Amino acid sequence: MPKEISISHLVKSEDLNHHGTLFAGRMAEWLVEGCFIAASKLVGRPEDVVCVQIHGMTFHRSATKGDIVELRTKVACLGSKSITVWGRVLVNEDPDPAVTGMATFVTVDGQGKPYAHGLSLSEEYIQQNKEIHELAMRMKNRN
Ligand SMILES: CC(C)(COP(=O)(O)OP(=O)(O)OC[C@H]1O[C@@H](n2cnc3c(N)ncnc32)[C@H](O)[C@@H]1OP(=O)(O)O)[C@@H](O)C(=O)NCCC(=O)NCCS
């Protein structure tokens with residue numbers, strides 16, 4: 001079961017804001033797209049996956065032109081029809097993430113009706129990823 005993916009982007013002129021740093025809107029697009037790909041790979045049917053909520057995105061540091069930003073995802077929690085994916089973004093391989101964020105997806109059929117995906121996380125995986133699992137559960141319970 002693939003639970004992690006990594007996608008890299010080169011920050012170019014068109015990705016910058018008026019301060020000359022990576023535009024939050026571009027980063028949000030890359031984060032949600034990466035989390036969507038992670039959820040889709042898990043389900044195996046990208047056409048069945050829709051985003052229901054972007055829980056947040058925090059910029060801990062900025063990135064600038066010429067930087068290589070790498071999004072690494074982890075499945076944070078699975079409900080019966082939902083998949084919550086957490087992402088962290090490393091800049092130029094600095095292990096301290098510059099950006100973190102999370103999004104929840106739902107599996108839907110051809111009519112857009114949610115269905116149970118039948119996936120689960122092992123107790124071992126949950127223990128190994130306790131912090132993001134608990135964060136995802138807290139976010140989910142807010143709805
Ligand atoms: C996503 C959608 C199908 C959910 O419909 P719904 O009637 O709320 O679905 P359900 O009540 O059956 O809930 C399904 C799951 O979504 C979760 N969910 C529903 N609303 C949520 C929210 N606002 N935030 C987080 N999770 C949510 C539920 O908790 C449930 O999770 P579980 O299986 O872990 O218990 C519906 O809201 C929708 O079609 N939204 C538009 C999606 C879209 O266009 N996205 C952008 C393009 S990808």
Side-chain angles (χ1 to χ4, degrees), residues 1-19 21-65 67-93 95-143:
M1 183 193 270
K3 299 188 193 74
E4 295 180 26
I5 64 158
S6 158
I7 303 174
S8 294
H9 298 272
L10 172 66
V11 180
K12 302 189 287 301
S13 303
E14 62 263 35
D15 305 317
L16 304 180
N17 58 29
H18 56 294
H19 303 290
T21 55
L22 175 59
F23 177 48
R26 179 78 74 222
M27 188 63 252
E29 180 186 343
W30 290 344
L31 178 75
V32 175
E33 185 176 87
C35 291
F36 176 89
I37 292 169
S40 297
K41 279 178 175 272
L42 197 68
V43 172
R45 290 177 59 84
E47 66 274 26
D48 285 9
V49 176
V50 292
C51 181
V52 67
Q53 188 171 166
I54 300 161
H55 299 278
M57 184 178 82
T58 304
F59 266 91
H60 307 281
R61 277 183 309 289
S62 53
T64 192
K65 193 162 77 172
D67 284 345
I68 297 197
V69 298
E70 181 191 1
L71 169 70
R72 293 188 189 172
T73 69
K74 268 180 186 284
V75 174
C77 111
L78 292 176
S80 72
K81 303 171 208 165
S82 71
I83 298 155
T84 301
V85 182
W86 181 77
R88 70 188 194 284
V89 176
L90 312 184
V91 176
N92 299 329
E93 300 192 354
D96 204 10
V99 177
T100 52
M102 196 151 66
T104 295
F105 304 86
V106 175
T107 40
V108 294
D109 64 17
Q111 279 68 53
K113 190 172 170 295
Y115 72 81
H117 48 60
L119 301 164
S120 60
L121 295 170
S122 69
E123 206 40 55
E124 187 190 4
Y125 179 88
I126 291 170
Q127 283 309 317
Q128 283 166 354
N129 297 280
K130 205 166 184 275
E131 211 174 310
I132 59 166
H133 181 72
E134 286 175 357
L135 178 65
M137 295 298 283
R138 280 202 300 279
M139 296 279 194
K140 209 170 141 45
N141 290 335
R142 276 190 205 160
N143 300 303

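As the structure lists them, so they are numbered: ligands from 1, and atoms in each ligand from 1. Just so it is clear, the model here is predicted, and its values are computed rather than measured.
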dist I83:CD1 -> F105:CZ (nearest 0.5 Å) comes out at 8.5 Å
Only residue of L90, L31, I5, V99 satisfying side-chain contact (heavy atoms from CB on, under 4.5 Å) with L71 is L31
### Message
Please check this pair: side chain of R61 against backbone of D96, looking for a donor-acceptor N/O pair closer than 3.5 Å.
### Response
yes
Checking M27, R26, H9 against D15 for side-chain contact (heavy atoms from CB on, under 4.5 Å), the one that qualifies is R26
Looking at F59, I want to see if its CZ is surrounded by more than 12 non-hydrogen atoms of other residues, nucleotides or ligands under 6.0 Å. yes
protein heavy-atom neighbour closest to atom 6 (P) of ligand 1 works out as P114 CG, 4.3 Å
Near S80 (heavy-atom distance under 4.0 Å), the atoms of ligand 1 are 32 (P), 33 (O), 34 (O)
query: Any N or O on C51 sitting closer than 3.5 Å to an N or O of ligand 1?
result: yes
Q) Can you tell me if CD on E131 sees more than 12 non-hydrogen neighbours from other groups inside 6.0 Å? A) no
min-distance protein heavy atom vs atom 35 (O) of ligand 1 -> K140 NZ, 4.0 Å
### Task
Answer yes or no for atom 48 (S) of ligand 1: protein heavy atom present at a distance under 4.0 Å?
yes
Evaluate the 4.0 Å heavy atom contact test for atom 41 (C) of ligand 1: does a protein atom fall under the cut-off? no
Margin query: Yes or no, since that's all I need: does a protein heavy atom fall within a distance strictly under 4.0 Å of atom 32 (P) of ligand 1?
Written below: yes
- Task: May I ask you to check if ligand 1 and Q53 share an N or O to N or O distance below 3.5 Å?
- Result: yes
Open item on the list: Are more than 12 heavy atoms, taken from residues, nucleotides or ligands other than K65, located less than 6.0 Å from that residue's NZ atom?
Closed with: no
#### Entry: E124, CD atom: more than 12 neighbouring heavy atoms under 6.0 Å
no
### Query
More than 12 foreign heavy atoms under 6.0 Å from CD of E14: is that the case here?
yes
min-distance protein heavy atom vs atom 25 (C) of ligand 1 -> N143 ND2, 3.2 Å
Would a search of protein heavy atoms around atom 11 (O) of ligand 1 find one under 4.0 Å away? no
Honestly, for V49 the part within reach of ligand 1 (heavy atoms, under 4.0 Å) is neither
- Hey, is atom 2 (C) of ligand 1 touched by any protein heavy atom at less than 4.0 Å? no
Atom 20 (N) of ligand 1 within contact range, any protein heavy atom under 4.0 Å
yes
Logged contact type for S82 with ligand 1, heavy-atom cut-off 4.0 Å, is both
dist N129:CG -> E134:CD (nearest 0.5 Å) comes out at 11.0 Å
>> Determine whether a donor-acceptor pair (N or O, by modelled atom type, separation under 3.5 Å) exists between the side chain of H55 and the backbone of G101.
In response: no
Note: K113, heavy atoms under 4.0 Å from ligand 1, region reported as neither
closest protein heavy atom to atom 16 (O) of ligand 1 is V106 CG2, 3.3 Å
Closest to atom 26 (N) of ligand 1 (heavy atoms only, candidates V32, I83, V52, L78) is V52
Per-atom filter on ligand 1: closer than 4.0 angstrom to a heavy atom of V108 are 3 (C)
